[in-house]
Amino acid sequence: MLVTGANGFVGRALCESAAAKLGRVTGVTRKPCCWNANVENVIVGTLDDAADWRNVLNGCDVVVHLAARVHVMHDTSSNPLAEFRKVNVAGTEHLARSAAAAGVKRLVYVSSIKVNGEQTRFGEPYTETSLPAPQDPYGVSKWEAEQALHKVAEETGLEVVIVRPPLIYGSEVKGNFARMLKVLHKGMPLPLASVHNLRSLVYVQNFADALLACATHPAAAGQTYLVSDGEDVSTPELLRVLGAAMGHSARLFAVPPSLLQWGGALLGKSDQLSRLLGSLQVDSGKIRRELNWTPPYSLQQGLQATAEWYRSTHP
């Protein structure tokens, strides 16, 4: 198995799991990294359509493509979509065609739930049949990459599996989830007690296990899967569980969500507030039925492990 983006948050977890279950794994990065004895590090300098994959793909059966230009909160590019397309669309299609030419059997592509959109109605989760409705350049580029991969599959016979995760959390998590842990750790009060929403999450170890299933199960070929822990949670409940695990009870007080939205718009923080106040649910029933996959860890176990990691690294 070859894993691109192997030194990233998900890549490290996947390489560890794959090495333990499958034996030797090749991890592709853009700079040298330290691995365990069963992970070979290969350097590829670029991820666009100029990347030379020929020698990297020799003898490879499956590629899990994690590397991407990721979602940027404050993108300074004059044309963000063009920049996302260079790596996420053109670079992904180039890798797929190179893989097919090298005799690779399957490519597992890690897309994003942003292909479907930014929010769902309460109790109405996205499924694999939901119409794509990406709202930002990152989501658009991921959707276009999926379409490019289907075209490559039709033309070459390469087996393509697409996986769309929601928010991924776990040890070494960054971004909004890390900021939430920081706020809880400091005991700062939060005006979120009146929020009534549901969010789907996926623990990084669960996600790595799902990717292995997609890489190895015969029934996965040609399929798209949404993956989650299978236990949706409201923002206040998420904060309470994490706070308890960190030994700092979440200090929540009630403010009407409409007032929070107004304040967020006034401060230019509407997007961040939407993630805290809105629902985003996914139905992971398809991968469970077709691949007989179940998450190795519960939501509670994943949140507990994440909180313990943060507490141990931020005394």
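Side-chain atoms of Arg288 never come within 3.5 Å of backbone atoms of Pro295 as a donor-acceptor pair (strictly under, hydrogens ignored). Formation of a donor-acceptor pair under 3.5 Å by the His185 side chain with backbone atoms of Tyr310 is not found in this model. A donor-acceptor pair under 3.5 Å is formed between the side chain of Lys286 and the backbone N or O of Thr224. Lys142 places a side-chain N or O within 3.5 Å of a backbone atom of Val110 that can act as its donor or acceptor partner. With Ser298 contributing its side chain and Gln301 its backbone, the two residues share a donor-acceptor pair below 3.5 Å. When atom types are taken as modelled, the side chain of Thr4 and the backbone of Ala67 share a donor-acceptor pair closer than 3.5 angstrom. Panel note: side chain Asn206, backbone Ala208; no donor-acceptor pair is recorded below 3.5 Å.
Each side-chain hydrogen bond (donor to acceptor under 3.5 Å, both in side chains) pair with one or both residues in residues 154-167, not counting sequence neighbours, appears once here: Arg97-Glu155, Arg106-Glu159, Asn116-Arg164, Glu146-Arg164.
Under a hydrophobic-cluster definition in which Ile, Leu, Val, Met, Phe, Trp and Tyr are linked whenever side-chain heavy atoms come within less than 4.5 Å, directly or via other members, Leu184 and Leu299 are assigned to the same cluster. Hydrophobic clustering of Ile, Leu, Val, Met, Phe, Trp and Tyr side chains at less than 4.5 Å, counting indirect connections, unites Val195 with Trp262. There is no path of hydrophobic side-chain contacts, each under 4.5 Å, that joins Val282 to Tyr138. Each of Val10 and Val63 belongs to its own hydrophobic cluster when Ile, Leu, Val, Met, Phe, Trp and Tyr are linked at side-chain heavy-atom distances under 4.5 angstrom. One hydrophobic cluster, built from ILVMFWY side chains closer than 4.5 Å, cannot hold both Leu22 and Leu2; they sit in different ones.
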Review point. Are Val140 and Trp143 close enough, and set up right, to give a side chain to side chain contact (heavy atoms under 4.5 Å, CB included), and what steps lead you there?
Key: CA-CA 5 Å; Val140 170; Trp143 171 229; 5.8 Å; no

Point to revise | Derivation and outcome, side chain to side chain contact (heavy atoms under 4.5 Å, CB included), residues Leu226 and Ile287 | key: CA-CA 7 Å; Leu226 308 188; Ile287 190 172; over 6 Å; no

**Study point:** Derivation and outcome, side-chain hydrogen bond (donor to acceptor under 3.5 Å, both in side chains), residues Thr235 and Asn197
**Key:** CA-CA 7 Å; Thr235 297; Asn197 64 346; 3.0 Å; yes

Practice item. Please report the C-alpha distance between Leu273 and Gln261 in whole Å, then the side-chain angles of each, then the deciding distance to 0.1 Å, and finally whether the side chain to side chain contact (heavy atoms under 4.5 Å, CB included) criterion is met. Key: CA-CA 7 Å; Leu273 261 296; Gln261 291 172 332; 5.6 Å; no

**Study point:** From CA spacing to verdict: side chain to side chain contact (heavy atoms under 4.5 Å, CB included), Val163, Tyr109
**Key:** CA-CA 6 Å; Val163 188; Tyr109 179 60; over 6 Å; no

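Residues Leu212 and Met1 approach most closely at CD2-CE, 3.7 Å, considering heavy atoms. Residues Cys214 and Tyr225 come closest through the heavy atom pair SG-CD1, 3.9 Å. Nearest heavy atoms, Glu118 versus Asp136: OE2-OD2, 3.9 Å. Residue Leu280 comes nearest to Gly117 through the heavy atom pair CD1-O, 4.3 Å, listed as atom of the first residue, atom of the second, then distance. In this structure, Val89 and Ser141 approach most closely via the heavy-atom pair CG2-O, 3.3 Å. Closest heavy-atom contact between Ser111 and Pro165: O-CD, 3.5 Å.
Put simply, OG1 on Thr120 and OH on Tyr126 are 6.0 Å apart, with the number rounded to the nearest 0.5 Å. With values rounded to the nearest 0.5 angstrom, Asp229 atom CG is found 12.0 Å from Thr294 atom OG1. Interatomic distance, Glu16 CD to Gln205 CD, rounded to the nearest 0.5 Å: 8.5 Å. Atom CG of Leu276 is separated from atom OG of Ser274 by 9.0 Å, given to the nearest 0.5 angstrom. Here CG of Leu198 is found 5.5 Å from CG of Asp232. Values are rounded to the nearest 0.5 Å. Rounding to the nearest 0.5 Å gives a distance of 8.5 Å between NE2 of His314 and CG of Leu181.
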Show me the donor-acceptor pairs within less than 3.5 Å that the side chains of residues 238-254 make with the rest of the protein, sequence neighbours left out.
{"from": "Arg251", "atom 1": "NH1", "to": "Gly187", "atom 2": "O", "distance (Å)": "2.7"}

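With sequence neighbours left out, Val183 forms a side-chain contact (heavy atoms from CB on, under 4.5 Å) with Met188, Leu190.
Between Val3 and Val28 there is no side-chain heavy-atom pair separated by less than 4.5 Å. For the pair Pro166 and Val202, the minimum side-chain heavy-atom distance is below 4.5 Å. Between Ser200 and Pro125 there is no side-chain heavy-atom pair separated by less than 4.5 Å. A heavy-atom distance below 4.5 Å is not found between the side chains of His217 and Trp293. Residues Trp53 and Leu95 have side chains in contact (heavy-atom distance under 4.5 Å, counting atoms from C-beta outward). Leu14 places none of its side-chain heavy atoms less than 4.5 Å from the side chain of Phe207. Within the 4.5 Å cutoff, side-chain heavy atoms of Leu260 are placed close to those of Leu277. Residues Ser98 and Leu57 have side chains in contact (heavy-atom distance under 4.5 Å, counting atoms from C-beta outward).
With 3.5 Å as the limit, one finds no donor-acceptor pair spanning the side chains of Ser234 and His196.
Annotation: Asn55, atom CG; neighbour count of heavy atoms from other residues, nucleotides and ligands within 6.0 Å does not exceed 12. Annotation: Leu131, atom CG; neighbour count of heavy atoms from other residues, nucleotides and ligands within 6.0 Å does not exceed 12.
Taking the charged nitrogens against the carboxylate oxygens, Asp209 and Lys21 do have a contact shorter than 4.0 Å, which makes a salt bridge. For Arg85 and Glu144, the salt-bridge test passes: some basic side-chain N is under 4.0 Å from an acidic carboxylate O.
Shown are Thr216, Val64, Leu66, Ile162; of these, the side chain to side chain contact (heavy atoms under 4.5 Å, CB included) with Val108 is made only by Val64.
Classification of the Tyr169-Phe177 ring pair by plane angle, with boundaries at 30° and 60°, yields parallel.
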